[in-house]
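For reference, the structure discussed in these notes is given below.
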Amino acid sequence: MKSSAEPLPGRFSSKRPTNSELTKPILIFFGPTAVGKTALLSRFDSSRFSVINADSIQVYKSLDIGSAKATKEEQEAIDHYLIDIREPHEAFSVGDFITEADRAVKQIHSEGKIPIISGGTAFYVKHFLYGLSEAPSSDERVRALIAKQIEEHGLAWAHSRLHEVDPISGARIHPNDAYRIARALEVFEQSGRALSSFDLPTTRRFPNPVLIIALEREHSELQSRVSERIAQMGELGLVEEIRHLIQGGAEASWASMAGIGYREFFELAESGEYSLQRVLKRIERNTRLYTKRQLTFFRSFTDAEWFDATDPEAVIGRVEAFLQSVASSAHQ
RNA sequence: GGAGAGGUACCCAAGCGGCCAAAGGGGGCAGACUGUAAAUCUGUUGGUUAUACCUUCGAAGGUUCGAAUCCUUCUCUCUCCA
């Protein structure tokens, strides 16, 4: 667990940008599940580019099939960072992502290559770009305490308490949103300050030129690709994978086990309705709903450029043009 | 062939004379997103010239001031017995 005293990750933007930072571009590829990111990445030359995974589940070891991780071969074709960097029982947060991604970006740039941050976790991408507020990071102990209080007194009580200590968050956070109510109370508990008193940064944390490519695909086509992918998971041995994880002590409460493709096993086992067919069906549904949320979140990224995933040439062309302009403006 | 249960909006399902364009859930669509985000949460969901009107609860007819709700016939589905 990180303590709140630790310096904030990636706060190196207050200095004036150096010329070298301005010539070190960062690419971001965002796309919903199954849009075709992996296929697109295979078109990029490993001598010039490396990939940084921006997917909250693929950071975990042993979660390969359910998270639709790039295969061994795909990972060998081009360097991948931030894959398999945590054990399944460990926590991983946006803050961790920023720290790790910063390190990877630095490493890739030092090799004279260009980092491609690629993934579907919009929350990570957003905070990689803009950074986090200075609110304290989560503390397991405090979180458990708040959870216990909510269990005892009810959610309505928690929300009205939030209203007292932080009226702005109280108004902003819906009374049913247990997750956010808990976090806001947790911040108050730890810092004595309202969550809403911590400003969210609105400018980029770094001066490097960034190209944000958002990938989409015709709706029905994306849906059928999702179906296909889930069916494949069954064939590839998703059941074996989850069995190993459970034998290794995996519990539903682990962050990694909240991932689609894993949580469904726990849910259905608990309700006594388990069958592989049911699990796969539910995974498929949850994935579909997830792609919807991903797209919605990413639509709020006003500086993203949208491309159809069926046209990799267009993306490649745009990337080359972007790199060209970075290189030429550096010479001025 | 006999007995019974039932057909409700995209799906499941409640309603069983007026407060019903019809609960609830799912899905669809739209949205939010301040350190677990593949998480969590919200709105909306018959049509329109929209505080009103039109069409809708298997079909047709009937009773009633008034029907998804009662009656008759038809039709389809399911279960059990032959």
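Residue numbers start from 1 in every chain, and the chains themselves are labelled A, B, ... in the order their sequence lines are given, proteins ahead of strands.
- Comparing A:R263 and A:Q223 along RNA chain B, the residue whose closest nucleotide (by nearest heavy atom) sits nearer the 5' end is A:Q223.
- A salt bridge links A:K113 to A:D79: at least one charged side-chain nitrogen sits closer than 4.0 Å to a carboxylate oxygen.
- Looking at residues two or more places apart in sequence or on another chain, you find a side chain to side chain contact (heavy atoms under 4.5 Å, CB included) between A:Y290 and A:T33, A:T121, A:I260, A:R293, A:Q294.
- For the C1' atom pair drawn from B:C78 and B:G28, the interatomic distance equals 29 Å after rounding to whole Å.
- At whole-Å resolution of the value, OH in A:Y130 and C1' in B:G35 are 18 Å apart.
- One can find a donor-acceptor pair under 3.5 Å joining the base of B:A38 and the side-chain atoms of A:D55.
- Among the protein residues, A:R172 comes within range of the nucleic acid bases, having at least one heavy atom under 4.0 Å from a base atom.
- A:R183 contributes no side-chain N or O that forms a donor-acceptor pair with the base of B:U40 under 3.5 Å.
- For A:H80, there are no ring pair (Phe, Tyr, Trp, His ring centres under 6.0 Å) partners, not counting sequence neighbours.
- Pairs of Watson-Crick or G-U wobble type, with distances under 3.5 Å, assemble into runs of 3 or more in RNA chain B at these ranges: B:1-7 with B:75-81, B:10-12 with B:24-26, B:27-32 with B:40-45, B:46-48 with B:52-54, B:58-62 with B:70-74.
- Comparing B:C41, B:U34, B:G26 by their closest approach to the side chain of A:H174 singles out B:C41.
- If you check residues 290-301 of chain A against RNA chain B, the residues with a heavy atom closer than 4.0 Å are A:Y290, A:K292, A:R293, A:T296, A:F297, A:R299, listed by number.
- Distance from the side chain of A:L200 is smallest for B:U34 among the nucleotides B:A39, B:A37, B:U34.
- Put simply, A:H219 has a side-chain N or O that comes within less than 4.0 Å of OP1 or OP2 on B:C29.
- Side-chain N or O atoms of A:S300 include none that pairs as donor or acceptor with a backbone N or O of A:T296 at under 3.5 Å.
- Taking atom CD1 of A:I173 as the reference point, atom P of B:G31 lies 22 Å away to the nearest angstrom.
- Between B:A14 and B:G47, the two P atoms lie 25 Å apart (nearest whole Å).
- Distance noted for atom C1' between B:C11 and B:G46: 16 Å (whole Å).
- Here the P atom of nucleotide B:U34 and the CG atom of A:L162 are 12 Å apart, to the nearest Å.
- Among pairs with a residue in residues 215-235 of chain A, none fulfils ring pair (Phe, Tyr, Trp, His ring centres under 6.0 Å), at least two apart in sequence or across chains.
- Distances shorter than 4.0 Å separate some side-chain N or O of A:T121 from OP1 or OP2 on B:A38.
- Between B:A13 and B:A23, the distance separating the two C1' atoms is 10 Å to the nearest Å.
- Checked by atom type and distance alone, the side chain of A:R204 never pairs as donor or acceptor with a backbone atom of A:L129 at under 3.5 Å.
- Checking B:G27, B:A38, B:A32 against every side-chain atom of A:I260, the shortest atom distance belongs to B:A38.
- Separation of the C1' atoms belonging to B:C19 and B:A38 is 44 Å when rounded to the nearest angstrom.
- In this structure, the salt bridge (charged side-chain N to carboxylate O under 4.0 Å, His left out) partners of A:D177, at least two apart in sequence or on a different chain, are A:R180.
- The side chain to side chain contact (heavy atoms under 4.5 Å, CB included) check on A:A104 picks up A:I52, A:Y81, A:L82, with sequence neighbours excluded.
- With hydrogens and angles ignored, a donor-acceptor pair closer than 3.5 Å exists between the side chain of A:Y179 and the base of B:A37.
- Nucleotides B:G25 and B:C76 have their P atoms positioned 36 Å apart, rounded to a whole Å.
- The interatomic distance linking A:I283 (CD1) with B:A39 (P) rounds to 13 Å, in whole Å.
- When the P atom is compared between B:C10 and B:C29, the two are found 16 Å apart, to the nearest whole Å.
- Within residues 56-75 of chain A, the residues having any heavy atom under 4.0 Å from RNA chain B are, by residue number, A:S56, A:I57, A:Q58, A:G66, A:S67.
- Here B:U34 presents its C1' atom at 15 Å from CZ of A:R205, a figure rounded to the nearest Å.
- Annotation: of the two residues near RNA chain B, A:G120 and A:N176, the 5′-most nearest-nucleotide partner is A:G120.
- At a threshold of 4.0 angstrom between heavy atoms, the contacts of A:L289 are confined to the sugar-phosphate backbone, with no base atom among them.
- The gap from the P atom of B:G2 to that of B:C74 amounts to 12 Å, rounded to the nearest Å.
- Residue A:F92 is classed as a sugar-phosphate contact, given heavy-atom separations below 4.0 Å to backbone atoms only.
- Geometrically, A:R193 engages A:F198 in a cation-pi contact defined by less than 6.0 Å to the ring centre and at most 45° from the axis.
- Considering only residues two or more places apart in sequence or on other chains, A:K69 meets the salt bridge (charged side-chain N to carboxylate O under 4.0 Å, His left out) condition with A:D64, A:D84.
- As a whole-Å value, the separation of A:I168 CD1 from B:C33 P is 15 Å.
- Taking the ring pair (Phe, Tyr, Trp, His ring centres under 6.0 Å) definition, one finds that A:W306 meets it with nothing, sequence neighbours left out.
- Note on A:R285: a side-chain N or O is less than 4.0 Å away from OP1 or OP2 of B:G27.
- Regarding A:L132, its CG atom lies at a distance of 7 Å from the P atom of B:G35, rounded to whole Å.
- In this structure, A:F97 reaches neither bases nor backbone, as no heavy-atom distance under 4.0 Å exists between it and the strands shown.
- Within 6.0 Å of atom CD in A:E152, more than 12 heavy atoms from other residues, nucleotides or ligands are found, so the atom counts as buried in its surroundings.
- In this view, A:R48 and A:E320 satisfy the salt bridge (charged side-chain N to carboxylate O under 4.0 Å, His left out) rule, not counting sequence neighbours.
- Look at CD on A:Q190: it is 14 Å from C1' on B:U34, rounded to the nearest Å.
- For residues 20-46 of chain A, the ring pair (Phe, Tyr, Trp, His ring centres under 6.0 Å) pairs, not counting sequence neighbours, are A:F29-A:F44, A:F30-A:F298, A:F44-A:F49.
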